[in-house]
Amino acid sequence: MLISNEADWTLVEQAREGSESALIELLDRYRPLILSIQQRFYIQELELSEWLQESRIILWEVVNRFDVTRTHAFGSYLKTALLNCRRDYARRLNAKKRKAPGPVSSIDANPTFFADTLADERLFSSESLVIFQQRLLETVKKDLSKMERSVLIALVSGETEEVICERFGIDHIQFHNANERIKRKIRRRK
C-alpha cells in the first residue's frame, strides 16, 4: 500500500490505529515546516536534535487530538501546536532568567538595614524637600488656573473624583483634563 499519496487526515487515522509508517510519512511530510520553525525562532539552549524529538512528540499529540472529520486543517493545526511549543519553551527559559541567583530576603525581615541601604538621599534631604515645596508653590500660584488650583486642593485633601465633579459642577472629562494639565505644569516646573 502506497501511503505517500494519501491525504493527511487518512494518515492521521492510520497512525491512530497503530501504523508506524503513516506516522513516519506525516513526519517526513512536515519536516520542512519543523525545520523552518527551528530556523525562524532560534532558541540557543534547544539544539536541532532536541527540537526534532520535541516535534515528534507534538506530532503524536496532534495526531491523537485532531478531528479527522475536518479533512483539511491538519497542517495549520500542527503548525500552531509547534509554534506554541516554541513559545512555551522560550517563556520557561525567560522565567529561569528572572529567578534570583541567591537567597532572597524580605524587606520586612530587616527594615533598618534596607532603610539605610536603599535610602535616596536626594529624596529625603531637607534642602531638596524645601526646594521642591517652593517650586510646587510657585507653580500653584503662577501657572495653575483657579479651577486647576481648586481641583488640586480637593485631590490633596483626599476627595474622590465624583465628589470633586459634583462640588465644582464639572463633568468627568473636564476633571480629567484639569488633572492632566496640573500634572503637566508641575512636571514642566521641576
Side-chain angles (χ1 to χ4, degrees), residues 33 36-46 54 58 61-62 65-67 69-70 72-190:
L33 172 68
S36 167
I37 291 172
Q38 165 72 10
Q39 289 173 345
R40 279 193 337 208
F41 303 101
Y42 179 73
I43 297 175
Q44 188 172 5
E45 282 83 19
L46 190 63
E54 195 71 33
I58 293 166
E61 290 172 352
V62 167
R65 283 190 311 232
F66 183 69
D67 180 13
T69 59
R70 299 177 55 200
H72 291 298
F74 180 78
S76 58
Y77 188 62
L78 176 63
K79 181 179 179 180
T80 301
L82 290 167
L83 289 172
N84 287 341
C85 175
R86 287 301 269 217
R87 287 185 195 108
D88 289 345
Y89 195 84
R91 283 187 194 116
R92 281 194 301 272
L93 285 176
N94 288 333
K96 287 179 185 175
K97 291 177 186 175
R98 288 190 298 264
K99 289 184 180 176
V104 179
S105 63
S106 171
I107 291 177
D108 297 331
N110 196 350
T112 55
F113 169 75
F114 286 110
D116 295 338
T117 310
L118 301 175
D120 186 354
E121 298 300 326
R122 293 177 298 144
L123 182 63
F124 295 112
S125 71
S126 59
E127 296 112 20
S128 297
L129 188 57
V130 169
I131 292 170
F132 175 76
Q133 287 173 341
Q134 287 174 344
R135 286 184 181 163
L136 183 60
L137 277 173
E138 286 176 23
T139 302
V140 170
K141 288 179 185 176
K142 294 179 182 177
D143 297 341
L144 298 184
S145 68
K146 187 176 179 181
M147 171 58 72
E148 292 166 349
R149 276 194 301 271
S150 301
V151 169
L152 179 62
I153 291 168
L155 282 170
V156 171
S157 300
E159 293 183 23
T160 63
E161 180 179 340
E162 289 78 23
V163 172
I164 295 170
C165 289
E166 187 177 314
R167 183 170 153 202
F168 297 119
I170 58 176
D171 61 26
H172 292 284
I173 294 172
Q174 290 171 317
F175 169 82
H176 175 73
N177 290 340
N179 195 15
E180 290 301 313
R181 284 192 307 273
I182 292 166
K183 290 177 189 175
R184 190 174 349 128
K185 290 176 181 179
I186 290 173
R187 268 190 244 116
R188 192 175 9 165
R189 192 70 142 153
K190 285 183 181 178

Q: Starting at CG of Leu144, measure out to CZ of Arg181 and round the result to the nearest 0.5 Å.
A: 9.5 Å
Q) Where do Asp143 and Glu148 come nearest, in terms of heavy atoms and distance? A) O-OE1, 4.0 Å
Q) Distance from Glu61 atom CD to Leu78 atom CG, nearest 0.5 Å? A) 11.0 Å
Q. Which pair of heavy atoms, one from Lys185 and one from Ser145, lies closest together, and at what distance?
A. NZ-N, 4.5 Å
(Q) So, taking the atom named CD1 in Ile153 and the one named CD in Glu159, what distance separates them when rounded to the nearest 0.5 Å? (A) 10.5 Å
Q: Drop me the distance from Lys141's NZ to Thr139's OG1, to the nearest 0.5 angstrom.
A: 11.0 Å
Q. Do you know which two heavy atoms are closest between Arg167 and Ala154, and how far apart they sit?
A. NH1-CB, 4.1 Å
Q. How long is the gap from CG on Leu82 to CD1 on Ile58, to the nearest 0.5 Å?
A. 5.0 Å
Q: For Glu161 and Asn179, run side-chain contact (heavy atoms from CB on, under 4.5 Å): C-alpha distance rounded to whole Å, both residues' side-chain angles, the deciding distance at 0.1 Å, then the answer.
A: CA-CA 10 Å; Glu161 180 179 340; Asn179 195 15; over 6 Å; no
Q. How about Glu166: does its CD atom have over 12 heavy atoms from other parts shown lying under 6.0 Å from it?
A. no
Q: Check whether any side-chain heavy atom of Arg40 sits under 4.5 Å from a side-chain heavy atom of Leu83, and report yes or no.
A: yes
**Q.** Test log, rule side-chain contact (heavy atoms from CB on, under 4.5 Å), inputs Glu162 and His172
**A.** CA-CA 8 Å; Glu162 289 78 23; His172 292 284; 4.2 Å; yes
(Q) Using 0.5 Å steps for rounding, measure from the CG atom of Asp88 to the CG atom of Leu93. (A) 11.0 Å
Q: Check the angle between the aromatic planes of Phe74 and Phe66 and answer parallel, tilted or perpendicular using the 30° and 60° thresholds.
A: perpendicular
Q.
Quick check: closest heavy atoms across Val62 and Tyr77, and the distance to 0.1 Å?
A. CG1-CD2, 3.4 Å
Q: Taking the side chain as every heavy atom from C-beta outward, state whether Gln38 and Arg86 have any pair of such atoms under 4.5 Å apart.
A: yes
Q: Looking only at non-hydrogen atoms, find the nearest pair between Asp171 and Cys165 and report the distance.
A: O-SG, 3.8 Å
(Q) Regarding Lys183 and Glu180, does a basic nitrogen lie under 4.0 Å from an acidic carboxylate oxygen? (A) yes
Q | Minimal non-hydrogen separation, Phe175 against Leu155, with atom names | A | CZ-CD2, 3.9 Å
Q. Above 12 or not: heavy atoms from other molecules or residues under 6.0 Å from CG of Leu137?
A. yes
